[in-house]
Amino acid sequence: MSVALEEDIWIKEAEIVNFQSIKHIVIKLVNGTNAFVGESESGKSATIRAIRWCLINKPNGDYFITTGQKEAMVRVTLSNDKIIERRKGGGVNFYRLFYKDELLGEYTGFGTTVPPEIVEAHGIVPIGGDVYFQFSQQLESAFLLSLRPSKRAEVLGNLDELERIDSAISGINEDIRNHVKSQKEMKKENKTINKEITKLKGETERIRSKIETLKVLKEGLQTKINLHHHLAQQIERLKEIQVLMKEIDEKLFKANRVAEAWPSDLEKKVALAKTVIRHTNRLREIQDELNSFSNIKKEKLERLDELTLLIDKQIDKYTTVNKAVTALKANEKALEEIEKSPARHAAALDLQPLEKDIAKYKLLFNHINRIREIDKSLEKSDDIAKEAKGNLEKVLYKCAEVLKDAKLCPTCGQGTHDVCTDTVKNII
C-alpha cells in the first residue's frame with residue numbers, strides 16, 4: 001500500500017495513559033531530532049512502543065496495558081493538525097481520528113491491521129513485512145543489516161525493483177548531463193538577459209523620467225483646466241455685466257432725451273412750484289385755523305343769541321318798570337291826594353341795582369356789536385382766502401402742465417407720467 005503525501009508530517013505531541021510502566025504522560029516534540037534521556041526502566045522505550053502501537057497497531061495483544069489497569073490509551077497530535085487516538089482494553093478496541101478537536105470518525109473491527117483513514121492521516125506504510133523506514137527495534141543494527149539476506153532482498157525488491165532503480169539512476173545521469181548542457185545555455189541566455197536588463201534599466205530610467213515629466217505636465221494641465229473654469233466663470237459674469245451695462249445705457253439714453261426735452265426755465269418753474277406748494281400748505285393751516293375760529297364764532301354767536309333773548313326780556317321788564325315810574329312821576333300831583341303819598345313810595349324805590357343791570361346790558365350790547373364786527377372781518381378774510389386759493393389752483397394747474405411738458409419729475413428723477421400730475425392735482 002502506498003500513500004501520497006503533500007508535505008512532511010511530524011509528531012507535535014504524544015499523550016500516553018496506562019502503557020507498560022507509564023501511567024500518564026504528555027510529551028511535546030519539535031520538527032527535527034528529539035532525544036529521550038533518562039535512567040533505565042524510566043519509560044524511554046515504552047514511549048517509543050506506545051507511539052508505534054498508536055500509529056501502526058504493533059505490538060498485538062494487550063499485555064502492554066499497565067498492571068492493575070483495564071484500558072490503555074495513546075493520543076498522537078500530528079503537524080497537519082490531525083489527532084490519532086488508540087484505545088484498547090476493558091471491552092473496547094478502536095481508533096478515533098480528529099481534526100482540530102473535531103471528530104472525523106471512529107473505527108473498529110480492523111484486526112491486526114490499521115484502518116486506511118488512519119494510514120492516510122500519518123502516511124506510514126511498511127516497505128516489506130513489518131519493516132518500516134520510520135521505526136526500528138531497540139538495539140537494532142543499521143537499516144536492513146539485521147535482517148536475513150532473503151528478507152533484505154525482499155525489502156529491496158519491494159523498493160520498486162532494482163532494475164527500475166538502475167533505470168532511474170541512468171535517467172538521473174542523463175538528466176544531469178542535460179542539466180549541465182541546459183545550464184550552459186542558460187548562462188548564455190543569462191548574459192543576454194543581463195544585457196537586456198541593462199538596456200531595460202536605462203529604458204526604465206528614461207520612462208521614469210518621462211513619468212515625472214508627465215506628472216509635472218499633468219499638474220500644469222490641471223492648473224490650466226482650473227484656470228479655464230475660472231475664466232469661463234468670469235466670462236459668464238462679464239456677459240451678465242454687459243447685459244446690465246446695456247440696460248443702463250438704454251436708461252441713460254432715455255434720461256438724456258428727457259433732459260434734452262427739459263425747458264430752459266425748468267429750474268425757475270420747479271422753484272415756483274415749490275413756493276406754490278409751500279404757500280398751499282400755509283393756506284391749509286390758515287384754513288384749519290379759520291375753521292376753528294368759525295366753530296368758536298358759531299358757539300359764541302349761539303351763546304350771544306341766548307344772551308340777547310335774555311337781555312331783551314330784561315329790557316322789556318326794565319322798559320315796563322321805567323314807563324311805570326315815568327307815569328308815576330308824571331302823575332305825582334294827582335297821586336299826592338292819595339292817602340299814602342305815591343311820591344314818597346316812588347322816592348322810596350331803590351333804582352340803583354336796576355341801573356347797574358342796565359349798565360351791564362349796555363356793556364353786553366357793546367361786546368355783541370364788537371363780535372358782529374369781527375364776524376364781518378372774518379367773512380372778508382374768507383373771501384380773501386377763497387380768492388388766494390383760486391389763484392393757487394391756477395398756478396398749480398399751470399405747474400402740472402409744466403411737469404407734463406418737462407417729461408421728467410424733479411422729485412423722483414423719472415419721466416413724468418399721470419401719477420406725478422395726479423399728485424399735484426391731489427395737492428390742489
Side-chain angles (χ1 to χ4, degrees), residues 1-20 22-34 36 43 45-66 69-138 140 143-144 151 154-161 164:
M1 178 181 181
S2 62
V3 178
L5 300 176
E6 296 180 356
E7 59 182 3
D8 292 336
I9 300 174
W10 50 279
I11 299 172
K12 293 171 61 177
E13 181 180 292
E15 181 181 4
I16 304 169
V17 179
N18 297 330
F19 192 93
Q20 292 185 349
I22 301 172
K23 290 185 178 181
H24 183 249
I25 189 173
V26 177
I27 301 172
K28 302 286 186 180
L29 302 174
V30 297
N31 185 13
T33 301
N34 296 269
F36 298 101
S45 299
T47 300
I48 300 298
R49 292 191 194 99
I51 295 173
R52 188 171 183 269
W53 174 65
C54 178
L55 297 179
I56 63 175
N57 198 19
K58 302 293 181 181
N60 297 323
D62 56 3
Y63 69 89
F64 49 80
I65 299 175
T66 303
Q69 301 297 325
K70 295 181 179 181
E71 178 184 312
M73 188 280 291
V74 178
R75 179 191 290 261
V76 174
T77 302
L78 303 175
S79 60
N80 58 5
D81 293 328
K82 290 183 178 180
I83 301 172
I84 299 171
E85 181 182 317
R86 179 77 171 94
R87 288 181 180 270
K88 190 173 184 180
V92 298
N93 182 24
F94 61 79
Y95 270 99
R96 283 179 180 168
L97 180 62
F98 299 86
Y99 180 73
K100 294 183 178 179
D101 295 329
E102 180 182 355
L103 180 64
L104 299 179
E106 182 177 313
Y107 313 101
T108 60
F110 44 82
T112 60
T113 62
V114 181
E117 293 83 0
I118 302 300
V119 176
E120 185 178 1
H122 58 59
I124 299 174
V125 294
I127 59 174
D130 293 335
V131 179
Y132 294 85
F133 277 125
Q134 292 84 358
F135 294 102
S136 64
Q137 298 294 332
Q138 189 176 10
E140 185 177 347
F143 181 63
L144 299 180
K151 190 68 174 176
E154 179 186 355
V155 171
L156 292 174
N158 289 335
L159 291 175
D160 218 5
E161 301 179 358
R164 296 185 63 183

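The heavy-atom pair separating Tyr99 from Asn80 by the smallest distance is CE1-O, 3.5 Å. Closest approach of Ser79 and Ile9 over heavy atoms only: OG-CA, 3.6 Å. The two atoms that bring Trp53 and Ala72 nearest to each other are CH2-O, 4.0 Å, heavy atoms only. Across all non-hydrogen atoms, the minimal contact from Gln20 to Ala46 is OE1-CB, 3.4 Å. Annotation for Phe19 and Ile16: closest pair CB-CG2, 3.6 Å, computed over non-hydrogen atoms. Val114 approaches His122 most closely through the heavy-atom pair CG1-NE2, 4.5 Å.
Listed for the Lys88 side chain is a donor-acceptor partner under 3.5 Å among the backbone atoms of Gly61.
Here Asn57 pairs with Arg86 under the side-chain hydrogen bond (donor to acceptor under 3.5 Å, both in side chains) rule; sequence neighbours left out. For Lys28, the side-chain hydrogen bond (donor to acceptor under 3.5 Å, both in side chains) criterion is met by Glu13, not counting sequence neighbours. In this view, Leu29 and Ile11, Ile27, Asn34, Phe36 satisfy the side chain to side chain contact (heavy atoms under 4.5 Å, CB included) rule, not counting sequence neighbours. Under the side chain to side chain contact (heavy atoms under 4.5 Å, CB included) criterion, Asp101 pairs with Ile83, sequence neighbours left out. With sequence neighbours left out, the side chain to side chain contact (heavy atoms under 4.5 Å, CB included) criterion links Glu85 to Met73, Arg75, Arg87, Phe94, Arg96, Phe98. Looking at residues two or more places apart in sequence or on another chain, you find no side-chain hydrogen bond (donor to acceptor under 3.5 Å, both in side chains) involving Asp62.
A distance of 9.5 Å separates NZ of Lys82 from CD1 of Ile118, quoted to the nearest 0.5 Å. Rounding to the nearest 0.5 Å gives a distance of 8.0 Å between CD1 of Ile22 and OG1 of Thr66.
Here the side chains of Lys12 and Asp81 are in contact, with some heavy-atom distance below 4.5 Å. With a 4.5 Å cut-off on side-chain heavy atoms, Leu97 and Ile84 count as touching. Residues Glu117 and Tyr107 form a side-chain contact, since some pair of their non-hydrogen atoms from C-beta on lies under 4.5 Å apart. At a threshold of 4.5 Å between non-hydrogen side-chain atoms, the residues Lys58 and Arg49 do not count as touching.
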